[in-house]
Amino acid sequence: MGSSSSAMFLAPFLPFIFMFVAGLNFAVRLILGGRRRKLDIQEHGPRGYPLVGCLVSFNKNKRRLLDWYTELLAESPSQTIVVARLGARRTVVTGNPENVEHILKTRFENYPKGRPFSELLGDLLGTGIFNADGKLWRTQRKLVSHEFSARMGKAAAETALATAVGGRLVPALAAAADGSAVVDLQELLRWLAFDTICMVSMGIDPSCLGSEGGDASCWGVDLAEAFDAAAGICARRGTAPVQAVWKTKRALGIGSERILREKLAVINDAVGKLIKHRKTEKNEKQTQQTDFLSRLLSAGHSDTAVRDMVVSFIMAGRDTTSSALTWFFWVLSQHPEAEARAADEAATAKGELSYGALKEMTWLEACLCESMRLYPPVAWDSKHAAEDDVLPDGTRVFKGDRVTYFPYGMGRMERLWGKDAEEFRPSRWLDAEEMEMVKVSPFKYPVFQAGPRVCLGKDMAFVQMKYVSVSVLKKFSLRPVSAVRPVFLPLLTSHMAGGLNVSVTGRKPTSASI
């Protein structure tokens, strides 16, 4: 009997197999965890029931998990909850800055990504930096750190931004304004970010956004769409009520796991061919390339390791900045006074947009920080405890527990941000004279992580976001065509469900731009 026949035979029995495996797993944990239950009496979290835990509440709120967790954390005196449900590991979710510092810095070695996390993303990211721990992570971290600090890396980023923003995004918006057309801004920003990160990391220009007078290249579009599909499927693995479901589907090669396998083949084939081409090019031309891929190859890493690092680089560089910018432009459209002030500041930029000029734009930076406080590119991040521990607020953590800090919920907590925590108020990021940015603890605002794993690309991300913001705000006014509040969709990185359709009009020159 072939594998496809076996899959068809087993299909009717899969729900029962899933429930049996999950139930057996949960029962074993209950038996072995007798000592733990006595210690968990004071813990806060969703209502649970024997055997199934909080599975009923979880399923009831699965379409609003972010807001549900935020509500539970707000009700908890310690801003920490414990979630135990059938088919999943015991999970500690916290919005307490002291706990976040403990996890990300003080006891960093006790909270690696862990095997459960690497298992979820391993098919896509392999052993890339965002999926690695220990010595492997440190080696890649050192290499990437050099990439972001090197002058040639910054020069490559500036060149890529000038090409992608000035040569593609601005003309695309101008064409929409001239033709009174509606465009999906989120889609444009994602193509833009993909073009930019491919130019910086691999030294190639996929032209997905399309250059002036040209068409988007098919291979670039196919590769970007494969990334989207693969990332979405991997993200949904993590939110599956019963983890045995996706693992069984992967073993049988059916459903979403079959699609994932197909998309991964597209990604690995495209990046593999590029690695081979770059090696040949280097041997033939004997010239030094300045992109990230070439430097990885020059360092002597294996093709597989290089592929994993490049894929991780693209995933991080594409989705986080495009997500942040999508929500930024939407939030500004809802606050005309803040938008007008940002446009005035953008209008002061003359000529080329240098690092120095962009750094001076504090109101724009405050608006970006405030937007990411409410709509962080990564809604939550999880680690897995290597050994038993106790968090600063007294919450007990046991070996193997999933420990999650929650930027989305933290950005909405009155205890952290005051009575107006739900409001968009950029001035909270500026000093009394509104001249300089106020320093905020990264453990209170962990949008870029913190501690040893703090995002190395933070400064470059702000440069890219400011570059795009200034270029757009100087010339255009963007207005959502729908009055309905968009839905925040937390995948590996957050997206706006359904995109952001906007109408584009030219912005009238201000006194600052004349």
Side-chain angles (χ1 to χ4, degrees), residues 160-197 206-212 216 220-221 224-225 227-228 231-232 317-336 338-340 342-343 346 353 364 367-372 374-377 424 426 461-491 493-507:
L161 285 170
T163 300
V165 178
R168 296 171 194 173
L169 180 64
V170 170
L173 293 176
D178 292 341
S180 300
V182 172
V183 296
D184 182 348
L185 184 63
Q186 177 171 256
E187 192 73 359
L188 289 179
L189 292 171
R190 294 177 76 192
W191 291 131
L192 168 75
F194 188 72
D195 283 354
T196 303
I197 196 62
S207 298
C208 286
L209 185 54
S211 56
E212 265 188 298
V221 172
E225 290 178 345
F227 266 107
D228 285 344
R318 181 198 181 195
D319 288 345
T320 52
T321 53
S322 61
S323 169
L325 283 168
T326 299
W327 285 101
F328 166 77
F329 282 116
W330 177 79
V331 170
L332 279 192
S333 73
Q334 307 302 301
H335 298 84
E339 180 186 13
L353 295 175
L364 199 59
C367 288
L368 285 165
C369 287
E370 182 71 346
S371 176
M372 288 189 288
L374 295 169
Y375 303 102
F424 177 76
F462 268 109
V463 168
Q464 182 175 343
M465 291 188 291
K466 284 184 175 182
Y467 196 108
V468 174
S469 302
V470 169
S471 300
V472 172
L473 290 171
K474 281 180 69 172
K475 297 178 178 292
F476 307 106
S477 175
L478 310 177
R479 289 293 171 266
V481 298
S482 174
V484 178
R485 188 181 187 88
V487 175
F488 185 89
L489 187 62
L491 297 176
T493 52
S494 62
H495 299 292
M496 191 177 286
L500 178 58
N501 292 321
V502 299
S503 60
V504 187
T505 57
R507 188 180 295 279

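In what follows, residues are counted from 1 in the order of the sequence shown.
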Worked check of side-chain contact (heavy atoms from CB on, under 4.5 Å) between Ile197 and Thr321: CA-CA 10 Å; Ile197 196 62; Thr321 53; over 6 Å; no
From CA spacing to verdict: side-chain contact (heavy atoms from CB on, under 4.5 Å), Phe329, Leu189: CA-CA 11 Å; Phe329 282 116; Leu189 292 171; 4.3 Å; yes
Arg168/Ser207 under side-chain contact (heavy atoms from CB on, under 4.5 Å): CA gap, chis, key distance, verdict: CA-CA 9 Å; Arg168 296 171 194 173; Ser207 298; 3.4 Å; yes
Test log, rule side-chain contact (heavy atoms from CB on, under 4.5 Å), inputs Trp191 and Leu169: CA-CA 9 Å; Trp191 291 131; Leu169 180 64; over 6 Å; no
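From Asp178, atom CG reaches atom OG1 of Thr505 across 11.5 Å, with rounding to the nearest 0.5 Å. Between Leu368 atom CG and Ser469 atom OG the span is 5.0 Å, to the nearest 0.5 Å. Atom CG of Asp195 is separated from atom OG1 of Thr163 by 9.5 Å, given to the nearest 0.5 angstrom. Distance check: Leu325 CG to Leu192 CG gives 8.0 Å after rounding to the nearest 0.5 Å.
Take Phe424 and apply the ring pair (Phe, Tyr, Trp, His ring centres under 6.0 Å) test, not counting sequence neighbours, and it matches His335. Legend: residues meeting side-chain hydrogen bond (donor to acceptor under 3.5 Å, both in side chains) with Ser323, ordered by chain and number and at least two apart, are Ser494. In terms of the side chain to side chain contact (heavy atoms under 4.5 Å, CB included) criterion, residue partners of Val463 (sequence neighbours excluded) are, by chain and number, Leu161, Tyr355, Leu358. Take Ala176 and apply the side chain to side chain contact (heavy atoms under 4.5 Å, CB included) test, not counting sequence neighbours, and it matches Ala181, Val183, Val504. Remark: Tyr375 pairs with Arg485 by the side-chain hydrogen bond (donor to acceptor under 3.5 Å, both in side chains) rule, at least two apart or across chains. For Phe462, the ring pair (Phe, Tyr, Trp, His ring centres under 6.0 Å) partners at least two apart in sequence or on another chain are Phe448. Residues satisfying the side chain to side chain contact (heavy atoms under 4.5 Å, CB included) test with Val487, not counting sequence neighbours, are Ala497. A search for side chain to side chain contact (heavy atoms under 4.5 Å, CB included) contacts involving Ser333 returns Trp330, Arg479, Pro480, not counting sequence neighbours.
The shortest non-hydrogen separation linking Ala164 to Leu209 is O-CD2, 4.0 Å. The two residues Met465 and Met372 make their nearest non-hydrogen contact at CE-CE, 3.9 Å. Across all non-hydrogen atoms, the minimal contact from Phe488 to Pro376 is CZ-O, 3.3 Å. For the residue pair Val331 and Ser371, the shortest heavy atom distance occurs at CG2-OG, 4.1 Å. Taking all atoms of both residues into account, the shortest heavy-atom contact from Gly166 to Pro171 is O-CD, 3.3 Å. Nearest heavy atom pair, residue Arg318 against residue Ala224, reads NH1-O, 3.4 Å.
Contact of the Val165 side chain with the Leu353 side chain is not registered, since no non-hydrogen atoms from C-beta on lie closer than 4.5 Å. Side chains of Leu473 and Leu364 form a contact here, defined as non-hydrogen atoms less than 4.5 Å apart. Residues Ser322 and Phe194 fail the side-chain proximity criterion, which asks for heavy atoms closer than 4.5 Å.
Checking side-chain atoms of Arg507 against main-chain N and O of Lys475 turns up no donor-acceptor pair under 3.5 Å. For the pair Gln186 (side chain) and Met496 (backbone), a donor-acceptor distance under 3.5 Å is present. Ser471 contributes a side-chain N or O that, together with a main-chain N or O of Tyr467, makes up a donor-acceptor pair within less than 3.5 Å.
At a threshold of 4.0 Å, the pair Arg190-Asp184 does not count as salt-bridged, since none of the basic side-chain nitrogens sits closer than that to a carboxylate oxygen.
Residue pairs meeting the salt bridge (Lys or Arg N to Asp or Glu O under 4.0 Å) criterion with at least one member in residues 461-473, sequence neighbours excluded: Glu365-Lys466.
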